[in-house]
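In what follows, every heavy atom counts, from backbone to side chain, and hydrogens, waters and symmetry copies are set aside.
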Amino acid sequence: MIVVACIKQVPDTTQVQIDPVTNTLVRDGIPFIINPYDGHALEESLRLKDSHGFKAVALSMGPPNAEATLRKALALGADRSILLSDRVFGGADTLSTSNVLSAAIDKLREDEEVGIVFCGKQTIDGDTAQVGPGIAVRLGFSQLTLVDRIEKIDLVERTITVRRKLEGRYEIVEARLPAMITVVRELNRPRYPTVPMRLASAKAEVEVWSNEQLQLDVNSVGLKGSPTWVSRIFSPERKEGEIVGDGMNDPAGAARLLLERLIEGDMLAV
């Protein structure tokens, strides 16, 4: 049985700049990382490989340079890494992206059963949290979102029990397999690749699938298949800051004034 981790290459947000003229991201020289939430999804797929014998597959859609992200997944222990890359996939929104990822997972099912698909709860560049649920709907999988713990997997009864982290409470849910699960940071702590695994992954193959393998209608993918698009990117305007008290000479007084301001502004949670 296969467990799939959907991972996305995203720009390191600590170093992102926006072109003030075009209002687009300045991509030159920006390092890319695995979307942090997807890192936890990948880690959980590897843990299920270790504990239940699943075959772990890392899957991503992106430009050719996203191969580096998938090679890192191999270094961490993934059995296969597949990059979905084709010019017709470019400009995809979340609907179009989930369409392509679903088709790739469906193609994997031709050879072996897919039991679980993991996704991060959202990406740090889009923050929509729509791709995972979109995959579940297209594949007809059980949909379990905001999961912070895998409680139990019963491969005989073909069920999975998870804990969902909701606002102010938790929810224990049992669902049928196959299932799509979106995860939060608290689920696990991602591992680091060992030096031997890094060296081995440098020679390993990252499979690249184009639309020739998926045979999707070109009008349903990429920009043509996207009902939404980004018209402008900009940094939110910030109000000018205010210096409260004299922190250098009277830190206790400055802290007291700051606390009073926070209370006045009703910005403290009790």
Check your understanding: Any chain of hydrophobic side-chain contacts (each under 4.5 Å) joining Leu187 to Leu144?
Key -> yes
Study note, to complete from the structure: Of Asn188, Val183, Ile181, the one forming a side-chain contact (heavy atoms from CB on, under 4.5 Å) with Ile150 is Ile181
Review point. Between Asp93 and Thr228, does a side chain to side chain donor-acceptor pair (under 3.5 Å) hold up when you go through it step by step?
Key: CA-CA 6 Å; Asp93 67 356; Thr228 61; 2.8 Å; yes
**Study point:** side-chain contact (heavy atoms from CB on, under 4.5 Å) partner of Val100, the single match among Leu59, Leu214, Asn211
**Key:** Leu214
Practice item. Look at Arg138 together with Asp106 and state whether they make a salt bridge at an N to O cut-off of under 4.0 Å. Key: no
Exercise for review: Could you walk me through whether Val114 and Phe141 pass the side-chain contact (heavy atoms from CB on, under 4.5 Å) test, one step at a time?
Suggested key: CA-CA 10 Å; Val114 174; Phe141 283 16; 4.2 Å; yes
Practice item. Would you give the length of the straight line joining atom OG of Ser210 to atom CD of Gln215, rounded to the nearest 0.5 angstrom? Key: 9.0 Å
**Study point:** Pairwise side-chain contact, Leu42 with Pro190, heavy-atom cut-off 4.5 Å (strictly under)
**Key:** no
Review point. Looking only at side chains, do Gln9 and Asn65 share a donor and an acceptor under 3.5 Å apart?
Key: yes
Exercise for review: Drop me the distance from Leu76's CG to Met197's CE, to the nearest 0.5 angstrom.
Suggested key: 7.0 Å
Practice item. For Thr161 and Glu151, test the side chains for any donor-to-acceptor distance below 3.5 angstrom and give the result as yes or no. Key: no
Exercise for review: May I ask you to test the Leu257-Glu260 pair for a side-chain heavy-atom distance under 4.5 Å?
Suggested key: yes
**Study point:** Heavy-atom pair of closest approach, residues Ser98 and Ile135
**Key:** CB-N, 3.9 Å
Revision key, fill the gap. Between Gly77 and Lys49, the two heavy atoms sitting closest are O-NZ, 2.7 Å
Point to revise | Same apolar cluster: Val88 and Leu101, side chain cutoff 4.5 Å | key: yes
Check your understanding: Which of these, Leu177, Asp154, Val173, sits in a side-chain contact (heavy atoms from CB on, under 4.5 Å) with Ile160?
Key -> Leu177
Revision key, fill the gap. Distance col, row Lys55:NZ vs Ile2:CD1, nearest 0.5 angstrom, shows 6.0 Å
Point to revise | Side chain Ser45, main chain Val4, donor-acceptor under 3.5 Å | key: no
Exercise for review: Sort and list the pairs that fulfil salt bridge (Lys or Arg N to Asp or Glu O under 4.0 Å) and have at least one residue in residues 188-205, not counting sequence neighbours.
Suggested key: Glu43-Arg191, Asp50-Arg191
Check your understanding: Checking Arg80 side chain against Ala58 main chain: does a donor-acceptor pair fall under 3.5 Å?
Key -> no
Check your understanding: Judged by atom type as modelled, is there a donor-acceptor pair below 3.5 Å linking the side chain of Asn35 to the main-chain atoms of Gln122?
Key -> yes
Practice item. Go through Ser60 and Leu84 one step at a time and tell me if the side-chain contact (heavy atoms from CB on, under 4.5 Å) criterion holds. Key: CA-CA 6 Å; Ser60 184; Leu84 311 172; over 6 Å; no
**Study point:** Glu44 side chain vs Ala41 backbone, donor-acceptor pair below 3.5 Å
**Key:** no
Check your understanding: So, Asp250 side chain and Gly253 main chain: donor-acceptor pair closer than 3.5 Å or not?
Key -> yes
Review point. To the nearest 0.5 Å, what is the distance between OG1 (Thr145) and CG (Leu166)?
Key: 7.5 Å
Check your understanding: For Ile243, does the CD1 atom have more than 12 heavy-atom neighbours from other residues, nucleotides or ligands under 6.0 Å away?
Key -> no
Review point. Near Asp127 CG, under 6.0 Å, is it more than 12 heavy atoms from other residues, nucleotides or ligands?
Key: yes
Practice item. Test side-chain contact (heavy atoms from CB on, under 4.5 Å) on Val184 and Val147 and set out the steps. Key: CA-CA 6 Å; Val184 298; Val147 170; over 6 Å; no
**Study point:** Check: Trp229 main-chain N/O paired with Ser226 side-chain donor or acceptor under 3.5 Å
**Key:** no
Point to revise | Closest non-hydrogen atom pair between Met180 and Ala136, with its separation | key: CB-CB, 3.8 Å
Check your understanding: Under a 4.5 Å side-chain heavy-atom rule over Ile, Leu, Val, Met, Phe, Trp and Tyr, are Ile82 and Val117 clustered together?
Key -> yes
Exercise for review: Might you work through the side-chain contact (heavy atoms from CB on, under 4.5 Å) test for Phe54 and Leu155, ending with a clear yes or no?
Suggested key: CA-CA 11 Å; Phe54 285 94; Leu155 296 178; 4.0 Å; yes
Check your understanding: Does Glu212 CD have over 12 foreign heavy atoms under 6.0 Å away?
Key -> no
Review point. Does anything in residues 158-168 pair up under salt bridge (Lys or Arg N to Asp or Glu O under 4.0 Å), and if so which pairs, sequence neighbours excluded?
Key: Glu113-Arg158, Asp148-Arg163, Arg164-Glu171, Lys165-Glu186
Practice item. Examine distances only and state if a side-chain atom of Arg176 and a backbone atom of Glu157 form a donor-acceptor pair shorter than 3.5 Å. Key: yes
Review point. Atom NE2 in His52, atom CD1 in Ile153: separation rounded to 0.5 Å?
Key: 4.5 Å
Exercise for review: Could you grab the distance from atom OG1 of Thr128 to atom CG of Leu95, nearest 0.5 Å is fine?
Suggested key: 11.0 Å
Review point. What about Ile105 and Met61, same hydrophobic cluster or not, with Ile/Leu/Val/Met/Phe/Trp/Tyr joined at side-chain heavy-atom distances under 4.5 Å?
Key: yes
Exercise for review: Using modelled atom types only, decide if a donor and an acceptor are shared between the side chain of Thr182 and the backbone of Leu146 within a distance under 3.5 Å.
Suggested key: yes
Review point. So, the side chain of Asp38 versus the backbone of Gly120: is there a donor-acceptor pair under 3.5 Å, distance only?
Key: yes
Check your understanding: Does Val208 share a hydrophobic cluster with Leu216, counting links as ILVMFWY side-chain heavy atoms below 4.5 Å and allowing steps through other members?
Key -> no
Exercise for review: Please check if the side chain of Ser81 supplies one atom and the backbone of Leu70 the other of a donor-acceptor pair under 3.5 Å.
Suggested key: yes
